[in-house]
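Here is the structure we will look at, set down as C-alpha cells.
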There are 2 protein chains.
Amino acid sequence: MNLLALRSHNTALVLDLLRTAGPDGISRLELAERTALTPQAVSKITARLRDAGLATEAGRRASTGGKPRTVLRLVPEAGHAVGVHLDRDELRAVRVDLTGAVVAERRVPVDLGVGADAVVRTVAREARGLMGDGPSGDGLGVGIALPGPLDHTHGVLHRVTGFPEWDGFPLRDALERRLGVPVVVDKDTNAAALGLAVAGEAGSFAYLHLGTGLGAGLVIGGTVHRGARTGAGEFGHQVVQLDGPPCGCGDRGCVEALCLDAVARGDLAGAARVLGVGAGNLVALLDVDLVLLGGRTVAAAAEEFVRGVAAVLDDRARRAGEEAVPVRVARGGVAEGAAQLVLGPVFGRTDG
Amino acid sequence: MNLLALRSHNTALVLDLLRTAGPDGISRLELAERTALTPQAVSKITARLRDAGLATEAGRRASTGGKPRTVLRLVPEAGHAVGVHLDRDELRAVRVDLTGAVVAERRVPVDLGVGADAVVRTVAREARGLMGDGPSGDGLGVGIALPGPLDHTHGVLHRVTGFPEWDGFPLRDALERRLGVPVVVDKDTNAAALGLAVAGEAGSFAYLHLGTGLGAGLVIGGTVHRGARTGAGEFGHQVVQLDGPPCGCGDRGCVEALCLDAVARGDLAGAARVLGVGAGNLVALLDVDLVLLGGRTVAAAAEEFVRGVAAVLDDRARRAGEEAVPVRVARGGVAEGAAQLVLGPVFGRTDG
DNA sequence: TCCACTTTCGCAACGCTGTTGCCAAAGTGC
DNA sequence: GCACTTTGGCAACAGCGTTGCGAAAGTGGA
C-alpha cells in the first residue's frame, strides 16, 4: 500500500461515517474518534471533501463550555448510481443518490428468452434513462443484480436456468461498451445483502431469500462473502433430510424442495420450521449476529415465517446455553442493493 | 490508518513473502512486484529488516543479462513462539521459529477436573520451559488452543464440557500474569485451520476435525473466520436428517451423531457419506476452494474418509455442472497452529 | 460588563512514508 | 575490450498524518 492508497482509504473511512450519520451530520471531532485519526487529519480530509462538493457544513452542536462543534454532512446530490434488478420476468431499475436514497425508478417486463442482445439493449436503455447522458456529470456507474450462477469479478454469466444461450455471456463488458460508465454485475441475493449491510444492519448476518427458489446472501464483518467463484450463498440445496424427497437439482432432501413443498401444501408452519433448521445450521457454522428473511413467499406470510424460524433458533440456542440470534424481515429491494455495488467502493466497502 | 500503521502493514507484507519463500529466498524485485510497491521502497524496508536481524542476504540468482538479483531470506532464529494444545486428556506444547518449524516439543498428560488453578500452573510451566526466561529475548508470546466454546478476543472460556468450574475462566489474563508475555487463546479447530493456512493452503478452505466430536475451522480469504462470539465452525450439530436419531446436544439428526454412530457400527463408508453431505452443505454455502479432513477418527482410516467425502462432493458438483472441490487429509498439528496465533500478526495475518 | 476558561479548528513546521532521478556495481554478449 | 542490460543504493522530493500554536467562539463566574 502506498501513500495514495492510504489517502483514499482514510477518505473512504470519513465518507462512510458521513453517510452513516445521515442528514443529522457528524462533527470533525467525532470523525476523529471513530477513525482513530487526529482531529487535524480529519480537518484536512474534510476540507478536501468540501472542496470537491461531497461534504458541507450543516449547523453546529450545542456548546459544552467552549466553541461549539461544527457539524458536517454528506451532500447527497454530489453523485449518484443506477441499480438494476434483472429478474426472470421483470426489470426494475433505480437511480440513487450518494446516501442510497432512491430518486427515480423504472420498471419494465422482460423475457430472458428473447436472446442476450435484445435483453442487453433493454437494460442499457433503462439504465441510460436513469443515468443521464454519457460519462460526464456525477454518474458513478451501474450495478446489475440477477439470479443464477455467475462470476462477479469478470461480470460473466455461467448459466441462466432454462436459457442455454446465456452461458458464458460477458454481461459486464457488453454493458460497459454500450453505456460508457463502469458496470458491476452480481447475484441478486448478494446485492440484496449488500444493500442491507449498507443500510445499517449488523456486522455479520445472513439474508435468506425465499421466492421461486431459496438462496442466501452472506455478510461477514460488513462485507459480502461471495467465495472464489461467486458461488457462496447456495443455501437452498443444503441437504437437511438424508434420502428425503427428490429435488429438482437431482439431490434428495434439500431445504428448498422441502420448504417449497410445504408452502404448496399450505403448511406454512412446516415450511418455516424447515427454513429454520437450515438457518440454524448456517448460524451455527458462521456465528452471524442476525438472520433476515425476504422474498415474495416470505412477504406473503412474514409473521408466520419469522415466528417459525425464530422458534427453531431459540430452541437451539437454549440447548447450547447461548442467546438466540434475532430473526427479522428484510427491508430493502434488490435494485437498491445493486446500486450499492457501485457506491460501496466509494465508502470503502470492497470485496471481502 | 496513519503512517506508522502503513509502515507495519507493508513490513508485514514483505515478511510474509519472505516466510512463504522459505530457505530459497526471494529477490527485492520479486518482492516489489508481489507487494505492488516500488523497488526502492522494498529496498528501504528490507534494509530495516536486515538491521533488525530478521532478514539476510542469501546468494544471488543467475544473471539475465545484467546485474544478478540478490536473494533475501528470513532468519528463522530471529524470533520464536510457543504453541500449546490443551486437550481433554493431554497437553502438547511446541516451540517454533519464525518460519513455523518446530524446534522443541513437550507432552504431558492433564486432567481438566483437577481445577483451573492447577491446570494453569501446568500450562505455565510447560510454556515457560519452552519460551526461555522472561520477556527478554526473542520470545514473541504463547498461543493456547483448546476445545469448547470460548471468547478469543478476551481469552475467556465459556464452558468446558463436564467441568462447570471452568465457566467464565479468564485463561488469557491468568497466563499473561504468570508468563509476562502476550498470550492468545483460541478454539482448537481455529488454531488448526490457521496453522494450515499459514502452511500454504489455498485462500479459502474448511478444516473438518473428526475426533471425539466433530467440529470445523473456516479459513476465508486467508484469515480464520471466528464469528462475533468465536462460535463459528460449529459443524457437528448441523442437522442433516430432520427428526433423525437423537444427539447428545438435545437435537435430532445432527451430523456428529450420525457420523459417530456409523463409526461405532464399523460402517466407515456410511460415516464418510454423512460427513460428505455435511461438507457438501458447507462447500455450497461458502464456496471454499478445498476441504481438509483431520482428527483421530479420520486418521484411523484416512483413505476411506477422503474417498467417501469426495464422492459426495463429486456427485454434487457434477449435477451443478461445476468442478468438484478437492478433499485432502490435513497435515499439521493443533499446537503448531496455536503458535501461529502469535506469529500470524507479525506476518500481517490479523483476525478476519 | 468584563475576563478567565474551555473547546474547536486552521495555519505552519515537522517527521516520516513511499517515489523519482540518477549513478555505481556487476553481470552478459558481440 | 566495450556496449549493453539489469540491479540496487544515495539523494532529493512530494505528500501523508502529526505536532505546536494561536485565533475564533462559545460558557460562566466576578
Side-chain angles (χ1 to χ4, degrees), chain A residues 1-18 21 24-52 54-74 348, chain B residues 1-18 21 24-52 54-74 348:
Chain A
M1 179 177 294
N2 58 22
L3 289 168
L4 234 82
L6 177 67
R7 171 172 166 161
S8 63
H9 170 87
N10 286 340
T11 303
L13 238 54
V14 169
L15 273 173
D16 196 39
L17 288 173
L18 284 172
D24 293 344
I26 183 171
S27 74
R28 288 180 182 79
L29 285 177
E30 282 176 84
L31 288 170
E33 282 172 30
R34 308 268 300 264
T35 56
L37 294 170
T38 58
Q40 188 56 29
V42 170
S43 276
K44 283 192 180 179
I45 291 168
T46 54
R48 281 198 298 265
L49 290 177
R50 282 188 300 154
D51 283 351
L54 288 169
T56 189
E57 299 198 346
R60 350 190 102 184
R61 288 268 158 75
S63 168
T64 61
K67 177 174 175 177
R69 302 182 174 187
T70 312
V71 173
L72 300 171
R73 67 166 176 82
L74 200 60
Chain B
M1 177 176 298
N2 58 21
L3 288 169
L4 234 82
L6 176 66
R7 170 172 169 161
S8 63
H9 171 87
N10 286 340
T11 303
L13 237 55
V14 169
L15 274 173
D16 196 40
L17 289 173
L18 284 171
D24 293 345
I26 184 172
S27 74
R28 287 181 181 79
L29 285 176
E30 282 176 85
L31 288 169
E33 281 172 30
R34 307 268 300 265
T35 56
L37 293 171
T38 59
Q40 188 57 29
V42 170
S43 276
K44 283 191 181 178
I45 292 169
T46 55
R48 282 199 299 264
L49 291 176
R50 283 187 299 152
D51 283 350
L54 287 169
T56 187
E57 298 196 346
R60 351 190 103 181
R61 287 270 158 75
S63 167
T64 61
K67 177 173 176 177
R69 302 184 173 185
T70 313
V71 172
L72 300 170
R73 67 166 177 80
L74 199 62

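Chain letters run A, B, ... following the sequence lines, proteins first and then strands; every chain starts at 1. Scope of the values below: all heavy atoms of this structure, side chains included, with no hydrogens, waters or symmetry mates.
The CE-P distance, from B:Met1 to D:dT18, rounds to 12 Å in whole Å. Between the CG atom of A:Leu13 and the C1' atom of D:dG17 there is a distance of 14 Å, given to the nearest Å. Between B:Arg61 atom CZ and D:dT7 atom C1' the separation is 13 Å, expressed in whole Å. Remark: P of D:dG8 and CD of B:Glu57 are 8 Å apart, rounded to the nearest angstrom. Atom P of nucleotide D:dG9 and atom CG of B:Leu31 are separated by 12 Å, given to the nearest angstrom. The nearest whole Å value for the distance from the CG atom in B:Leu6 to the C1' atom in C:dG15 is 14 Å. Atom-to-atom, CZ of A:Arg48 to P of C:dG10 comes out at 13 Å; the value is rounded to the nearest Å. In this structure, the CD1 atom of A:Ile45 is 15 Å from the C1' atom of C:dC9, given to the nearest Å.
Among the protein residues, A:Leu29 comes within range of the sugar-phosphate backbone only, with heavy atoms under 4.0 Å from sugar or phosphate atoms but none that close to a base. Residue A:Thr70 is classed as a sugar-phosphate contact, given heavy-atom separations below 4.0 Å to backbone atoms only. Residue B:Pro39 is out of contact with every strand shown, counting any heavy-atom pair closer than 4.0 Å.
Proximity of B:Asn10 to the phosphate of C:dT17: no side-chain N or O atom is located under 4.0 Å from OP1 or OP2. Close to C:dG27, at under 4.0 Å from its OP1 or OP2, lies a side-chain N or O of B:Arg60. Between A:Asn2 and C:dT17 there is no side-chain polar atom (N or O) within less than 4.0 angstrom of OP1 or OP2. For A:Thr38 and D:dG17, the shortest distance from a side-chain N or O to OP1 or OP2 is not below 4.0 Å. One finds a side-chain N or O of A:Arg28 lying less than 4.0 angstrom from the OP1 or OP2 phosphate oxygen of C:dG10. Put simply, B:Ser63 has no side-chain N or O that comes within less than 4.0 Å of OP1 or OP2 on C:dA26. At least one side-chain nitrogen or oxygen of B:Ser43 sits closer than 4.0 Å to the OP1 or OP2 atom of D:dG9.
The closest side-chain heavy-atom distance from B:Arg73 to B:Asp24 is not below 4.5 Å. Put simply, the side chain of A:Leu13 does not reach to within 4.5 Å of the side chain of A:Ile45, judged on heavy atoms.
B:Glu33 CD to B:Ser27 OG: the interatomic distance, rounded to the nearest 0.5 Å, is 7.5 Å. Rounded to the nearest 0.5 Å, atoms OG1 (A:Thr11) and NZ (A:Lys44) are 12.5 Å apart. How far CZ of B:Arg7 is from CG of A:Leu6: 14.5 Å, rounded to the nearest 0.5 Å.
Between the side chain of B:Lys44 and the base of C:dT19 there is at least one donor-acceptor pair of N/O atoms closer than 3.5 Å. A donor-acceptor contact under 3.5 Å is not formed by the side chain of A:Gln40 with the base of D:dC21.
In summary, of the residues considered (B:Asp16, B:Asn10, B:Leu17), a side-chain contact (heavy atoms from CB on, under 4.5 Å) with B:Thr35 occurs for B:Leu17 alone.
Both A:Leu4 and A:Gly66 sit near DNA chain D, but only A:Leu4 has its closest nucleotide nearer the 5' end. Remark on DNA chain C: of its neighbouring residues B:Leu3 and B:Thr11, the 5'-side contact belongs to B:Leu3, judged by nearest-heavy-atom nucleotide.
Picking from C:dT19, C:dT17, D:dT6 the nucleotide with the shortest atom distance to the side chain of B:Leu37 gives C:dT19.
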